[in-house]
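Notes follow once the structure below has been shown.
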Amino acid sequence: MAKECKIVVVDDHTLFRNGLRTLLDGIEGFSVIGEASNGVELLELLPGIEPDVILLDIEMPKMNGIVTAEEALKRYPNLKIITLSMYGDEDYYFKMVSLGVKGFILKNSEIKEVAAAIETVVGGGSYFSQELLFNLVSNLKSTPSSVPEDSPEELSQRESEILLHICRGESNSEIADSLFISKRTVDKHRSNILAKTGCKNTANLVVYAIKNNLVEI
């Protein structure tokens with residue numbers, strides 16, 4: 001990454017937090033500039049720092065990840081938040097997506113996936129771990145969703161193709177290479193897809209696409 005990426009880790013388990021900090025600090029270009037054990041501590045910490053990304057646990061005492069994300073984004077709308085998730089947390093994803101959380105990774109992920117998620121989100125994208133996507137597929141049909149419910153404007157064949165690649169977690173550059181088209185063309189198609197589906201961001205779009213059978217992962 002061009003400049004140092006400043007990270008804050010929020011988790012109530014000290015050993016997990018310290019271990020993640022050690023691993024992240026060992027990656028060139030990454031620096032953990034703060035830690036918090038719950039949402040209250042994070043909100044007290046934020047005024048004095050300017051993190052590029054926050055890694056946020058969902059289940060925490062005093063203030064859980066959902067309330068924390070809502071309050072933090074209300075105060076600092078440009079914050080980039082990645083949720084640290086456990087199996088069984090799928091019911092929370094819809095709310096987190098609607099709040100503006102940009103990434104979702106499992107707490108038992110390899111550090112290289114955590115790094116990839118951070119780089120993607122800091123670069124302006126959204127990140128879903130593939131395992132979480134598969135879990136969503138099996139749970140979405142019976143779970144209330146906060147994504148748009150109306151029938152979308154019909155997508156073109158190319159837009160549907162690009163949507164599938166988006167849901168696989170590929171960047172615009174990777175999609176362009178796969179389909180032998182320019183990144184600028186992918187950018188335009190992505191914007192059209194968001195407009196047609198009424199989704200605000202990529203994370204919202206992924207949930208919407210799976211919920212409405214627009215793709216099969």
Side-chain angles (χ1 to χ4, degrees), residues 1-86 89 92-129 131-132 146 169 171-173 200-207:
M1 304 179 73
K3 66 181 184 69
E4 183 178 76
C5 178
K6 297 177 291 185
I7 304 163
V8 171
V9 178
V10 187
D11 191 282
D12 60 315
H13 293 95
T14 304
L15 282 175
F16 176 83
R17 202 170 63 241
N18 290 346
L20 184 55
R21 176 172 197 153
T22 299
L23 290 170
L24 290 171
D25 280 339
I27 298 174
E28 184 177 358
F30 283 5
S31 177
V32 176
I33 62 169
E35 296 181 25
S37 62
N38 57 63
V40 175
E41 289 184 9
L42 173 66
L43 294 175
E44 291 174 349
L45 180 67
L46 282 177
I49 58 176
E50 294 183 3
D52 294 302
V53 65
I54 295 172
L55 300 179
L56 180 66
D57 189 19
I58 291 180
E59 293 290 347
M60 298 183 295
K62 294 187 179 180
M63 183 182 290
N64 67 28
I66 296 174
V67 177
T68 300
E70 184 172 21
E71 187 59 36
L73 288 166
K74 189 184 302 180
R75 299 183 189 184
Y76 308 96
N78 295 323
L79 274 181
K80 292 181 170 64
I81 297 175
I82 297 175
T83 295
L84 300 171
S85 172
M86 297 287 287
D89 286 342
Y92 299 117
Y93 297 161
F94 312 111
K95 179 63 175 176
M96 299 295 268
V97 166
S98 69
L99 289 174
V101 171
K102 301 297 185 182
F104 300 82
I105 53 176
L106 286 168
K107 294 182 76 171
N108 64 353
S109 298
E110 296 287 338
I111 189 62
K112 63 182 180 181
E113 180 171 18
V114 178
I118 291 171
E119 290 180 351
T120 299
V121 168
V122 170
S126 299
Y127 189 94
F128 265 98
S129 80
E131 284 188 80
L132 290 180
S146 62
S171 68
N172 283 11
S173 295
K200 294 182 291 185
N201 54 53
T202 303
N204 193 242
L205 177 62
V206 170
V207 174

*Please report the C-alpha distance between Lys107 and Asp57 in whole Å, then the side-chain angles of each, then the deciding distance to 0.1 Å, and finally whether the salt bridge (Lys or Arg N to Asp or Glu O under 4.0 Å) criterion is met.*
CA-CA 9 Å; Lys107 294 182 76 171; Asp57 189 19; 3.6 Å; yes

Given side chains that start at C-beta, do those of [X] and [Y] come closer than 4.5 Å, heavy atoms only?
| X | Y | result |
| --- | --- | --- |
| Ile111 | Ile27 | yes |
| Asp12 | Met60 | yes |
| Asn18 | Glu35 | yes |
| Arg21 | Asp25 | yes |
| Leu24 | Leu55 | yes |

Pairwise distance [atom1]([X]) to [atom2]([Y]) - rounded to 0.5 angstrom:
| X | Y | atom1 | atom2 | answer |
| --- | --- | --- | --- | --- |
| Asn64 | Ile58 | CG | CD1 | 8.5 Å |
| Ile49 | Ile33 | CD1 | CD1 | 4.5 Å |
| Leu56 | Ile81 | CG | CD1 | 6.0 Å |
| Lys80 | Ile118 | NZ | CD1 | 13.0 Å |
| Phe30 | Leu23 | CZ | CG | 12.0 Å |

Where is the tightest heavy-atom contact between [X] and [Y], given as atom of each residue plus distance?
| X | Y | value |
| --- | --- | --- |
| Ala69 | Met96 | CB-CE, 4.3 Å |
| Pro51 | Val8 | CB-CG2, 3.7 Å |
| Ser37 | Pro61 | O-CD, 4.4 Å |
| Glu41 | Asn38 | N-OD1, 2.9 Å |

*Passing option when Tyr127 is tested against Lys102, Glu119, Glu113 for side-chain hydrogen bond (donor to acceptor under 3.5 Å, both in side chains)*: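 Option passing the side-chain hydrogen bond (donor to acceptor under 3.5 Å, both in side chains) with Tyr127: Glu113.
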
*Can you name the one residue among Ile105, Ile7, Leu84, Ile82 that meets side chain to side chain contact (heavy atoms under 4.5 Å, CB included) with Val114?*
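Result: among Ile105, Ile7, Leu84, Ile82, Ile105 is the only option passing the side chain to side chain contact (heavy atoms under 4.5 Å, CB included) with Val114.
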
*Apply the side chain to side chain contact (heavy atoms under 4.5 Å, CB included) test between Ile54 and each candidate in Leu46, Thr83, Thr68; give the one that qualifies.*
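Exactly one pass, corresponding to Leu46.
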
*asked:* If the threshold is 4.0 Å, N to carboxylate O, is there a salt bridge linking Glu70 and Lys74?
replied: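 No salt bridge links Glu70 with Lys74.
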
_I'd like to know whether CG of Leu15 has more than 12 heavy-atom contacts from other residues, nucleotides or ligands below 6.0 angstrom._
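No.
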
*Are any side-chain N or O atoms of Lys6 and backbone N or O atoms of Glu50, one a donor and one an acceptor, separated by less than 3.5 Å?*
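Pair found, side chain donor or acceptor close to backbone of Glu50.
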
